[in-house]
A.B. asks: 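Provided herewith is a single structure, encoded as structure tokens, for subsequent inquiry.
This structure is a prediction, so every number in the text was calculated from the model and none was measured. Heavy atoms only: backbone and side chains are in, while hydrogens, waters and symmetry mates are out. Throughout, protein chains are lettered first and strands after them, A, B, ... in sequence-line order, and every chain is numbered starting at 1.
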Number of protein chains: 2
Amino acid sequence: MSEVTPVLLDEQLCFSIYSASKKFNHFYQSALAPFKLTYPQYIALLALWEDAPLTVHQLGQRLELDSGTLTPLLKRLEKQGWVTRVRSRTDERQVLIHLTAMATAKRDEVYQRIGQCQTLLGMSDEEIETLMTDLITVKAQLDQVSHQRLIDKQVNLQK
Amino acid sequence: MSEVTPVLLDEQLCFSIYSASKKFNHFYQSALAPFKLTYPQYIALLALWEDAPLTVHQLGQRLELDSGTLTPLLKRLEKQGWVTRVRSRTDERQVLIHLTAMATAKRDEVYQRIGQCQTLLGMSDEEIETLMTDLITVKAQLDQVSHQRLIDKQVNLQK
DNA sequence: TCAAATAGTATTGTATACAATTAAATTGTC
DNA sequence: GACAATTTAATTGTATACAATACTATTTGA
């Protein structure tokens, strides 16, 4: 007999993560309001502060976002003075994203702000690390299953 | 001296969650492709399968989404035959979201499909429960801090 | 009772996301 | 060197998200 197990919203890990993600988003959006940065704009800057310049493609790999998302996002960051977009001279296909002097100058101010807000969360380094480790495991599983999908024909995810 | 701690993308809990959320989204979107359901549409149906009819407001509380998101989403679900939107006769302000016969008929098929995909993830109930508990803690912290923000003037999050 | 406040939904505007397509530049192969 | 295949961005179209506003129906208070 194929008894079907009910799927309850509150028992779904995906929903917990989805909901936590949105809350984090708002949290940082508020925290970064003085800089008029959205959360995705902020993580783009984080990646660039670590290692600029980057091509759109490289940034996309780092943030797991494609050009359809990044191109308009970077245009907005450019308009607000954080980055410049220059076509590479050695390979005209790529666009290099450079940080402006303003972005470099404001880096520590943003770092500090984020540091303050993280303190407010009151989570220990161990707690954070444990949670992140678990999330990495989940992500690895999701990647593996998505990859499997391309090979396995029995439980084919894609229509 | 105010030494500023660098903020590294890969050490950010928010980014782990953000990235995991997107991956889950794709995972379910693929899994539900036979039903042509997006992830947010799917969780709306989950809530309704548990307890329909619901007003837009009630559904919004359940999913933590507002009418700006739900109204168009529900119109799409209506267009595809999953729900009906009927203005309440007792209170003309509210719109009741009912499940169609098709939605009721397809419920178990969707439940089953989701069950299969969760099995693919290969996570134990304990693992899932632990992770969800931790996420609930984080969300509670975020809520508390956001609420604090409205009172505390010293580290004011909002500009 | 009726003006003011409140509640519920819809609309508008801005900003992601991402699939699919297009366009341009580069590379590999003969 | 020609040219097909590949790489990289940009564009287009659809679907969230959400703040802010508008609009209507209901409730409340003087």
A.B. asks: Nearest whole Å is fine: how far is dA15(D) P from K36(B) NZ?
C.D. replies: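 The answer, rounded to whole Å, is 11 Å.
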A.B. asks: Quick check on dA10(D): is either OP1 or OP2 less than 4.0 Å from any side-chain nitrogen or oxygen of T71(A)?
C.D. replies: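 Checking dA10(D) against T71(A), a side-chain N or O does come within under 4.0 Å of OP1 or OP2.
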A.B. asks: Is the Y28(A)-Y42(A) ring centre distance short of 6.0 angstrom?
C.D. replies: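 Yes, they do, as the ring centres are separated by less than 6.0 Å.
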A.B. asks: Rounded to the Å, how far apart are R87(B) CZ and dT24(D) P?
C.D. replies: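 So the CZ-P distance, R87(B) to dT24(D), works out to 11 Å.
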A.B. asks: Quick check on dT16(D): is either OP1 or OP2 less than 4.0 Å from any side-chain nitrogen or oxygen of K75(B)?
C.D. replies: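 Indeed not, no polar side-chain atom of K75(B) lies that close.
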A.B. asks: Measure the CD-OG distance between Q12(A) and S19(A) for me, rounded to the nearest 0.5 Å.
C.D. replies: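 Nearest 0.5 Å value for the CD-OG distance: 13.0 Å.
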A.B. asks: L96(A) CG to dT8(D) P: how many Å, rounded?
C.D. replies: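 Those two atoms, CG and P, are 12 Å apart.
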A.B. asks: Whole angstrom is fine here: how far is it from CG in N25(A) over to P in dT16(D)?
C.D. replies: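 So the CG-P distance, N25(A) to dT16(D), works out to 17 Å.
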A.B. asks: Rounded to the nearest 0.5 Å, how far apart are CG of D108(A) and CZ of R113(A)?
C.D. replies: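 That separation rounds to 15.5 Å.
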A.B. asks: May I ask you to say what S88(B) touches in the nucleic acid, namely base, sugar-phosphate or nothing, with a heavy-atom cut-off under 4.0 Å?
C.D. replies: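 Touches nothing.
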A.B. asks: For a quick check of understanding: with a heavy-atom distance under 4.0 Å over all strands, which category does L73(B) fall into, base, sugar-phosphate or nothing?
C.D. replies: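 Counting heavy atoms under 4.0 Å across all strands, the contact made by L73(B) is with sugar-phosphate only.
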A.B. asks: Tell me if the side-chain of T38(A) makes a donor-acceptor pair with the base of dA15(C), cut-off 3.5 Å, by modelled atom types.
C.D. replies: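 Looking at the base of dA15(C), it does not pair with any donor or acceptor on the side chain of T38(A) (distance under 3.5 Å).
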A.B. asks: Would you indicate which nucleotide in dA25(C), dA10(C), dT16(C) comes nearest to any side-chain atom of R85(B)?
C.D. replies: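 Of all the options, the side chain of R85(B) is nearest to dA10(C).
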A.B. asks: Between T100(B) (side chain) and G81(B) (backbone), is there a donor-acceptor pair under 3.5 Å?
C.D. replies: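 Yes; judged by distance alone, with no hydrogens or angles, the pair exists.
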A.B. asks: Check whether any side-chain nitrogen or oxygen of Y18(A) sits under 4.0 Å from OP1 or OP2 of dA17(D), and answer yes or no.
C.D. replies: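 For dA17(D), OP1 or OP2 has a side-chain N or O of Y18(A) closer than 4.0 Å.
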A.B. asks: Looking at dC18(D), I'd like to know if its phosphate oxygens (OP1 or OP2) sit under 4.0 Å from a side-chain N or O belonging to Q29(A).
C.D. replies: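 Q29(A) to dC18(D) OP1/OP2: no side-chain N or O under 4.0 Å.
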A.B. asks: Take atom CG of L32(A) and atom P of dA15(C), then tell me their distance rounded to the nearest Å.
C.D. replies: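 One finds 15 Å between P of dA15(C) and CG of L32(A), rounded.
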A.B. asks: Does either side chain, that of Q58(A) or that of Q94(A), offer a donor lying less than 3.5 Å from an acceptor on the other one?
C.D. replies: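 No - no donor-acceptor pair under 3.5 Å links their side chains.
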A.B. asks: What do you reckon, are the aromatic ring centroids of Y39(A) and Y18(B) less than 6.0 Å apart?
C.D. replies: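 Yes; Y18(B) has its ring centre under 6.0 Å from that of Y39(A).
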A.B. asks: Please determine whether any donor N or O and acceptor N or O are separated by less than 3.5 Å between the side chain of R93(A) and the base of dT7(D).
C.D. replies: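 Such a pair is found, so the answer is yes.
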A.B. asks: Apply side-chain contact (heavy atoms from CB on, under 4.5 Å) to residues V95(B) and T71(B) and explain how you reach the verdict.
C.D. replies: CA-CA 10 Å; V95(B) 171; T71(B) 297; over 6 Å; no
A.B. asks: Please report the distance, rounded to the nearest Å, between CZ in R76(B) and C1' in dT14(D).
C.D. replies: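 Rounding to the nearest Å, CZ of R76(B) and C1' of dT14(D) are 8 Å apart.
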A.B. asks: Rounded to whole Å, please give me the gap between CG in L70(A) and C1' in dA10(D).
C.D. replies: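 Distance check: L70(A) CG to dA10(D) C1' gives 12 Å.
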A.B. asks: Please list residues of residues 43-66 of chain B whose heavy atoms come under 4.0 Å from any atom in DNA chain D, ordered by number; otherwise none.
C.D. replies: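 E64(B), L65(B), D66(B), in order of number.
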A.B. asks: Give the rounded distance in Å between these two atoms: NZ of K22(A) and P of dA19(D).
C.D. replies: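 Rounded to whole Å, this separation is 10 Å.
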A.B. asks: Just do the side-chain contact (heavy atoms from CB on, under 4.5 Å) check on I17(B) and L13(B) with the steps written out, would you?
C.D. replies: CA-CA 6 Å; I17(B) 293 182; L13(B) 177 58; 4.0 Å; yes
A.B. asks: Could you pick out which residue, S67(A) or E92(B), lies toward the 5' side of DNA chain D when each is mapped onto its nearest nucleotide?
C.D. replies: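 It is S67(A), whose closest nucleotide lies nearer the 5' terminus.
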